[in-house]
A.B. asks: 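Here you go, one structure.
Counting convention: from 1, in listed order, for ligands and their atoms alike. All residue numbers in this chain count up from 1 along the given sequence.
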Amino acid sequence: MSENKKKLSLTSRIVIGMFAGIAVGILLKAIFPDSTLVEGYLTKGLFYVVGQIFISSLQMLVVPLVFVSLVVGTCSLSDPSKLGRLGGKSVGLYLITTAIAITFAIAMAVLVQPGTGIELATDATYEPTQAPSLAQVIIDLFPTNPFNAFANGNMLQIIVFALLFGIAMALVGKPGERIKTLFDDFNEVIMKLVIILMNIAPYGVFALMAKLFSETSFETIFSLGKYFLLVLFVLIVHALVTYPIILKGLAGMNPIIFLRKMREVQIFGFSTASSNATMPVTLETVTKRLGVHNSVGSFTVPLGATINMDGTAIMQGVATVFIAQVYLVDLSIADYLMVVLTATLASVGTAGVPGVGMIMLAMVLGQVGLPVEGIGLIIGVDRLLDMTRTAVNVTGDAMVSVIVAKSEGALDEDVFNDAKADLKERNL
Ligand code: ASP
């Protein structure tokens, strides 16, 4: 009993860290608006240092964790032909949920008209990045040098290399079996590191929030209130209504249990604004608390962190309609379809890091001939939306993992339904 209390307190501590950080940030800004001392020692001092160390430590684990756990997962697949099915299902679900998200966002934006009546008040410029061609995206899946892929954190290339390595290990017999025990042990050690990090998360999350909120000006948010609130509304509906319907409909699992267990992952996503940096925690939760077997989770989670961005797609849908309305451009149904297609495909080639949604938006605007400078209108309020949509992105990654695992017979439903699963291991 007392142990349970102790375990629960990690989740509570992370939640408290987040709210305390938000409160301290807002208070600091209100009480010491222009204090160089506060800025020098706290905002750009202590909070900045602690927050960055926290994010760096999470990122530090991503590459080794993905490689090792995916090798372990692949070589323990009894039947390698399963891999094709697994890949097809995951990619299919990731793309479909993204398309649903953006279609819903566009429909809501057309209905609510967040950009109507807004005066053009931007001289900001934005340099668009060219969208890569589909052929290039496919070619780029294959690393010429895996160490380059590791060094650059190129997730899709790491996934491809780990899959091939794992398959070869399964096929080679004895030598494969021997190094598998080594990989298993590595996996355990890295997972332990994830737990250690989760235990310092309350401080990291506090520092990130305190810094951000002491620097955020709410005036810009008020001036773009309709756009801001609409994106927020669609994000929340997608996470709390669409996901539960899909999860219940396709896997028959209880969405309330799912959302409860996702709370920590969502806070990590929210405070880091990076699906990539959150990945260690997503993987831990998906495999240890939601009961997804490692052979599925180690594949679907890193893949999702890279190619699945429902929250980002929602922002792009609303932003495109918003910018079209501000610039008085009429978009046709064909244009909207183009937006859905470009945004869905753009999410495949871009990694889940802070702010990448804006780069993708530039590609989408370019495709339908809207002025890319329109991004200047909304970039001021993007950080908070980036955080919220990242929380949605990581929730989508975990949901698809559960559905795919269920369909493959790789979901331990007892673990999923057990509210206390793995809580004990989480406290050091
Ligand atoms: N920050 C988001 C993520 O990591 C991507 C974005 O929307 O900018 O998932």
Side-chain angles (χ1 to χ4, degrees), residues 51-52 54-56 58-59 61-63 66 94-95 97-99 101-102 104-105 126 128-129 131 153-156 205 208-209 212 227-228 230-232 234-236 238-239 243 262 264-283 285-286 300-320 322 339-340 342-365 372 375 378-401:
Q52 283 308 306
F54 175 58
I55 293 196
S56 304
L58 280 168
Q59 285 168 331
L61 295 182
V62 171
V63 170
V66 170
Y94 281 141
L95 296 185
T97 49
T98 306
I102 188 166
F104 177 42
Y126 196 89
T129 322
N154 186 323
M155 214 41 66
L156 294 180
V205 170
L208 287 173
M209 293 296 98
L212 184 81
Y227 164 79
F228 186 84
L230 182 61
V231 177
L232 214 58
V234 180
L235 285 172
I236 292 172
H238 193 69
Y243 282 158
M262 285 302 293
E264 276 165 356
V265 182
Q266 289 165 340
I267 294 180
F268 271 76
F270 183 78
S271 51
T272 61
S274 168
S275 308
N276 262 21
T278 308
M279 201 195 304
V281 185
T282 318
L283 189 58
T285 300
V286 162
T300 51
V301 170
L303 188 69
T306 313
I307 75 168
N308 184 51
M309 294 186 194
D310 297 356
T312 309
I314 286 170
M315 174 280 289
Q316 293 177 86
V318 177
T320 309
F322 174 81
V339 173
V340 173
T342 319
T344 308
L345 289 180
S347 67
V348 177
T350 34
V353 291
V356 76
M358 284 291 130
I359 298 171
M360 290 155 66
L361 180 61
M363 296 177 191
V364 173
L365 294 177
V372 176
I375 288 184
I378 51 171
I379 205 155
V381 297
D382 196 59
R383 179 66 192 188
L384 271 179
L385 292 177
D386 190 2
M387 294 157 65
T388 317
R389 65 185 184 247
T390 308
V392 174
N393 290 347
V394 294
T395 309
D397 302 342
M399 184 201 62
V400 167
S401 304

A.B. asks: Under a strict 4.0 Å criterion on non-hydrogen atoms, which protein residues are in contact with ligand 1?
C.D. replies: Ala273, Ser274, Ser275, Thr312, Gly352, Val353, Pro354, Gly355, Val356, Gly357, Asp386, Arg389, Thr390, Asn393
A.B. asks: Could you list the residues that satisfy side chain to side chain contact (heavy atoms under 4.5 Å, CB included) with Thr390, not counting sequence neighbours?
C.D. replies: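 Side chain to side chain contact (heavy atoms under 4.5 Å, CB included) check on Thr390 returns Ala273, Ser275, Asp386.
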A.B. asks: Give a yes or no answer on whether the side chain of Asp310 reaches the backbone of Asn393 with a donor-acceptor pair at less than 3.5 Å.
C.D. replies: no
A.B. asks: Ring centres under 6.0 Å, that's the criterion: do Phe228 and Phe322 meet it?
C.D. replies: no
A.B. asks: Consider only side-chain N and O atoms of Thr344 and Thr98, and report whether a donor and an acceptor are under 3.5 Å apart.
C.D. replies: no
A.B. asks: Check whether any side-chain heavy atom of Met279 lies under 4.5 Å from a side-chain heavy atom of Val301, and answer yes or no.
C.D. replies: yes
A.B. asks: When you measure from the side chain of Tyr94 to the backbone N and O of Thr300, does any donor-acceptor pair fall under 3.5 Å?
C.D. replies: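 Yes.
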